[in-house]
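Numbering of ligands and ligand atoms starts at 1, following listing order. Residue indices begin at 1 and follow the sequence shown.
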Amino acid sequence: MRTGVWLVGARGSVATTAIVGGLALRAGLTGPTGCVTELPDLRGPALPTFADLVFGGHDVATTPLTKRAEALAAAGVLPGRLATALTADLTAVEEDLRPAPTGGSQADRAAAIAAELTAFRDRHRLDRVVVVNVSATEPAPAAHPGHADPDALRAALAGPDEVLPPSSLYAYAAVEAGCPYVDFTPSTGLRLPALAALAAQRGLPYAGHDGKTGETLVKSVLAPMFAMRNLAVRSWSGVNLLGGGDGATLAEPGANAAKVDSKQRVLGETLGYVPQGGTRIDYVEDLGDFKTAWDLITFAGFLGTGMRMEFTWHGCDSALAAPLVLDLARLTAAAHAAGRVGPLPELAFFFKDPIDSPTHSLSAQWQRLVDFASELHAGGAG
Ligand SMILES: NC(=O)c1ccc[n+]([C@@H]2O[C@H](COP(=O)([O-])OP(=O)(O)OC[C@H]3O[C@@H](n4cnc5c(N)ncnc54)[C@H](O)[C@@H]3O)[C@@H](O)[C@H]2O)c1
């Protein structure tokens, strides 16, 4: 099943690590550590193989992929030997990277993106293209009447307004080109009534939002534990220190607010109440792509006895995120092949703020994912 993986933000850290990783897996230069679709419970014939994946994408930046891979190697995110061994393959992927369209109305730009997606599919004779948003986090957009339904949206896009934020314009173009869409960021993406209606009309599946790779991953394991033991969480405070392009973006108040909202949702929805405390994200340039999260939890047990726990997470964000991008592309491609339409709550396991998922518990989400993969491999799940 030849599958295009079209990365919005293709020259970013997560995208470059995903491309290098996908090419290295195809060439047998690395193993699948971190790719959950290679676990025995999920592996199977419905998923495209790593060799089936063909990469392309958009970015506003122009730094060559080989340079981005070298920079990530120098930062310790990926092995330098892979950046060197894959130079020719990365140069070949470069041919399928496009600048983000500028000028004209948003309808013109969406048409240009959709045409590039269609050309990519035709050029490589792909069965389908999954569009994955890994571009910089953007602030929540102002409400616009065009967000309500497809006809209002089409009319508004042809006018002079910036109706959609970039993530949603890519999502719109993806849907218009018949491509499933995955949002790995907290940005709006396909989460507008007009776009959800369009995806349904076009018979497309979609998934999101915001990859769960660090502090929130740990929270989604610990919070159910407190709930299941009927312990009262009084406060949960987290401090995240990160550098890299994502850290720089999140230093902007609007993007920071979108990310913090996404991170906090897991507690209220798992515990049934919101404990005191909050999550902070601070930019520390020197940390590069490595992130430190420190969480302090205070809780009460039987007879009100107060207790506390702390954890510290030191993660390499791009190395944690990139294999999940490959997993999501493979699973979403299989869901599309099986005829699935609309949101894919079965992929909640991967996200901080999953669409339509009743639970944030990692173990419950895992079981749902395993069942979904079994159905896909058995020829069902449509
Ligand atoms: N790394 C993780 O663990 C993780 C987890 C969850 C979510 N995310 C999200 O993934 C995204 C990417 O993270 P990153 O570390 O790769 O960031 P990054 O800053 O390295 O990469 C973002 C890329 O998007 C590009 N971009 C910006 N605006 C664009 C536009 N309009 N069109 C096309 N490209 C555009 C930038 O030029 C850049 O190359 C972020 O939104 C981040 O919040 C990352």
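By the 3.5 Å distance cut-off applied to N or O atoms, S135 is counted among the residues near ligand 1. Among the atoms of T137, some N or O lies under 3.5 angstrom from an N or O of ligand 1. Of the N or O atoms in A100, none lie within a sub-3.5 Å distance of an N or O in ligand 1. For ligand 1, the polar-atom distance check finds an N/O of D59 within less than 3.5 Å of one of the ligand's N/O atoms. Among the atoms of D317, some N or O lies under 3.5 angstrom from an N or O of ligand 1. Taking any N or O of P186, backbone or side chain, none lies under 3.5 Å from an N or O belonging to ligand 1. The shortest N or O to N or O distance between S13 and ligand 1 is under 3.5 Å. Residue D210 has no nitrogen or oxygen atom sitting less than 3.5 Å from a nitrogen or oxygen atom of ligand 1, judged on distance alone.
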Report, one line per pair, each donor and acceptor closer than 3.5 Å where one atom sits in a side chain of residues 228-236; sequence neighbours left out.
residue : atom : partner : partner atom : Å
S235    : OG   : T298    : OG1          : 2.5
W236    : NE1  : D295    : OD2          : 2.8

Output side-chain donor-acceptor pairs under 3.5 Å for residues 73-80, partner residues at least two apart or in another chain, one line each.
none

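In the vicinity of V134, heavy-atom distances shorter than 4.0 Å reach the ligand 1 atoms 11 (C), 12 (C), 22 (C). The ligand atoms of ligand 1 that sit less than 4.0 angstrom from a heavy atom of T185 are 11 (C), 41 (O). Every atom of ligand 1 with a heavy atom of R11 under 4.0 Å away is listed here by number and element: 39 (O). Taking every heavy atom of T213 and a limit of under 4.0 angstrom, the matching atoms of ligand 1 come to 2 (C), 3 (O), 5 (C). The ligand atoms of ligand 1 that sit less than 4.0 angstrom from a heavy atom of A321 are 1 (N), 2 (C), 3 (O).
Judged by distance alone, with hydrogens and angles left aside, the side-chain atoms of R68 form no donor-acceptor pair with the main-chain N or O of T16 at under 3.5 Å. Side-chain atoms of T3 come within 3.5 Å of backbone N or O of M1 as a donor-acceptor pair. Judged by distance alone, the side chain of S357 and the main-chain N or O of P354 form no donor-acceptor pair under 3.5 Å. Side chain of T49 to backbone of D52: a donor-acceptor contact under 3.5 angstrom is found.
Contact check on E176 versus R154 returns a salt bridge, with a Lys/Arg side-chain nitrogen under 4.0 Å from an Asp/Glu carboxylate oxygen. Ion pair D210/K352 flagged as a salt bridge, since at least one NZ, NE, NH1 or NH2 atom sits closer than 4.0 Å to an Asp/Glu carboxylate oxygen.
Residue contact check for ligand 1: K352 places a non-hydrogen atom closer than 4.0 Å to it. Heavy atoms of L320 come nearer than 4.0 angstrom to ligand 1 in no pair at all.
The aromatic rings of F120 and H124 stand perpendicular to each other, their planes meeting at an angle above 60°, with 30° marking the opposite boundary.
Stacking of R109 on the aromatic ring of Y170 is not recorded, the 6.0 Å distance cut-off and the 45° axial limit not both being met.
When the heavy atoms of A18, A136, A61 are ranked by distance to atom 22 (C) of ligand 1, first place goes to A136.
When heavy-atom distances to ligand 1 are checked against a 4.0 Å cut-off, V60 comes that close through both its backbone and its side chain.
Side-chain atoms of V36 and D41, non-hydrogen and from C-beta on, never get closer than 4.5 Å to each other.
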